[in-house]
Protein chains: 2
Amino acid sequence: MSTFQDNFINILKTNGLSITRQRQLLFDLLQDQDPLSMNELTELVGTTIDRASVYRIIATFEETGIVRRISIGWKFKIELSEAFVAHHHHLTCLSCQLVVPINQEKLESFISELADINNFQPIQHQVEIQGYCQRCQANRNIA
Amino acid sequence: MSTFQDNFINILKTNGLSITRQRQLLFDLLQDQDPLSMNELTELVGTTIDRASVYRIIATFEETGIVRRISIGWKFKIELSEAFVAHHHHLTCLSCQLVVPINQEKLESFISELADINNFQPIQHQVEIQGYCQRCQANRNIA
DNA sequence: TTAATAATTGCAATTACGTCGCATTTATCT
DNA sequence: AGATAAATGCGACGTAATTGCAATTATTAA
């Protein structure tokens, strides 16, 4: 059934890592939600996982390619990697923090082109846009 | 002569801020170098400027539009604002840290388009590409 | 199913990063 | 040059992130 879950277990096993209650819980949280900051993660797990462990687990998740770090403005958040969710970027509302994923083939090819022009071999890239969503634009006009 | 220097002084005066040794030194550093992290800045100035002052000065530089924060990967760095250098993005070499500015009108209009499609009013955006520069690509083939 | 062993976690302590209040110093204005 | 206002340095503080180590938990093989 749950390809996500199988995939998760496989990655852990492949890397010789145990499936622990803590790792499973963090994975579940990331599966259900928009990108989360370390703060949001530690608050969501409350006292069920020690803060130090949250940091260590997210670090191994990064190393094994389960999650990736994305920068929203100049802070960063954690989200499931391309092993689970297709490559994409984000639009973030400066007012209500709404996050909308962007998935545009034209953008991707344009990025590669830019690297080529500068004789760079592109490995990764980030595109983040901040602005106001439709709802918040309306609210701002009222206020 | 130095338009940069004049512009800097003007912005400070316009905002009723003094021209101090510390502010001048930080501005000079940012003028000479690629984007710098807060850490790099505090290390470059060593004991000549207190850490608290570096933070305060960069904060007022941001407020008055002398510098802006950019995200390189998921960290951030400081660079001169558009009052000194045209709006641009960066290509960063993962091996030698070379930073190459990108300035592409097509990219800018593409970004606005993406926001529009999603009914967002775009305010700001970041585009960062990491890869290997020509020289480092060559070195990697040898090794 | 259980014992052995290897990995992981929680806890406490520590470091790093950024901020704040206040006394002293420095720049500006006349 | 002196008065005044602003900025800096210093020390203390709060929060974020990291580390070492003992206790716990997962895995492996009998």
Side-chain angles (χ1 to χ4, degrees), chain A residues 5-6 8-30 35-79, chain B residues 5-6 8-30 35-79:
Chain A
Q5 178 63 19
D6 294 349
F8 173 59
I9 302 289
N10 280 338
I11 294 176
L12 289 182
K13 285 195 172 159
T14 306
N15 288 277
L17 298 168
S18 321
I19 295 127
T20 65
R21 178 183 62 78
Q22 292 85 341
R23 282 176 182 153
Q24 183 68 60
L25 174 56
L26 284 172
F27 178 72
D28 291 344
L29 285 176
L30 290 163
L36 296 168
S37 66
M38 291 308 293
N39 228 343
E40 288 165 338
L41 275 173
T42 52
E43 281 182 12
L44 280 170
V45 300
T47 56
T48 65
I49 311 178
D50 187 79
R51 218 154 47 85
S53 299
V54 175
Y55 278 94
R56 276 185 295 225
I57 290 169
I58 295 300
T60 66
F61 278 11
E62 271 192 276
E63 285 156 20
T64 55
I66 292 170
V67 303
R68 65 176 186 134
R69 238 173 244 242
I70 55 163
S71 45
I72 300 269
W74 43 266
K75 301 192 172 176
F76 72 87
K77 297 199 170 191
I78 304 294
E79 72 173 10
Chain B
Q5 178 63 18
D6 293 349
F8 173 59
I9 301 289
N10 279 339
I11 295 177
L12 289 183
K13 286 195 173 160
T14 305
N15 288 279
L17 298 168
S18 321
I19 295 129
T20 65
R21 178 183 63 77
Q22 292 85 341
R23 284 176 181 154
Q24 183 68 59
L25 175 56
L26 285 173
F27 178 72
D28 290 344
L29 285 177
L30 290 164
L36 296 168
S37 67
M38 291 308 292
N39 227 342
E40 288 166 337
L41 276 173
T42 51
E43 282 182 10
L44 279 170
V45 300
T47 56
T48 64
I49 310 179
D50 187 78
R51 215 158 45 87
S53 298
V54 174
Y55 279 93
R56 276 185 295 224
I57 289 169
I58 294 301
T60 64
F61 278 11
E62 272 191 276
E63 285 156 20
T64 54
I66 292 169
V67 302
R68 65 175 186 135
R69 238 174 244 241
I70 56 162
S71 45
I72 298 269
W74 43 266
K75 303 194 171 174
F76 74 86
K77 297 198 171 192
I78 304 293
E79 70 173 11

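The figures that follow rest on heavy atoms only: side chains count, while hydrogens, waters and symmetry mates do not. Within every chain, numbering begins at 1; the chains are lettered A, B, ... in the order of the sequence lines, protein sequences first and strands thereafter.
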What string of B, S and - do you get for nucleotides 5-12 of chain D, 5' to 3', when a contact is any protein heavy atom under 4.0 Å? -SSBBB--
Rounded at 0.5 Å granularity, tell me how far CD1 in A:Ile70 sits from CZ in A:Phe76. 10.5 Å
Across all chains, not counting sequence neighbours, the ring pair (Phe, Tyr, Trp, His ring centres under 6.0 Å) partners of B:Phe8 are B:Phe27, B:Phe61
Taking any atom under 4.0 angstrom from a heavy atom of chain B, which nucleotides of DNA chain C are the first and last to qualify, 5' to 3'? C:dC17 to C:dT28
N/O donor to acceptor pairs below 3.5 angstrom from side-chain atoms of residues 49-58 of chain B, sequence neighbours left out:
{"from": "B:Asp50", "atom 1": "OD2", "to": "B:Ala52", "atom 2": "N", "distance (Å)": "2.9"}

Under the side chain to side chain contact (heavy atoms under 4.5 Å, CB included) test, which residues partner [X], sequence neighbours left out?
| X | answer |
| --- | --- |
| B:Ser37 | B:Asn39, B:Glu40, B:Lys77 |
| B:Thr64 | B:Ile11, B:Asn15, B:Leu17, B:Ile66 |
| A:Thr14 | none |
| B:Lys75 | none |

Quantify the bending of the helix from C:dT1-D:dA30 to C:dT30-D:dA1 as the angle between its end axes, each fitted on five pairs, to 10°. 40°
Euclidean distance, atom [atom1] of residue [X] to atom [atom2] of [N] [Å, nearest integer]:
| X | N | atom1 | atom2 | result |
| --- | --- | --- | --- | --- |
| B:Tyr55 | D:dG14 | OH | C1' | 14 Å |
| A:Ile58 | D:dA16 | CD1 | C1' | 15 Å |
| B:Lys75 | D:dA17 | NZ | C1' | 12 Å |

Considering residues at least two apart in sequence or located in another chain, which fulfil the side-chain hydrogen bond (donor to acceptor under 3.5 Å, both in side chains) criterion with [X]?
| X | value |
| --- | --- |
| B:Gln22 | none |
| A:Arg69 | A:Glu62 |
| B:Arg23 | none |

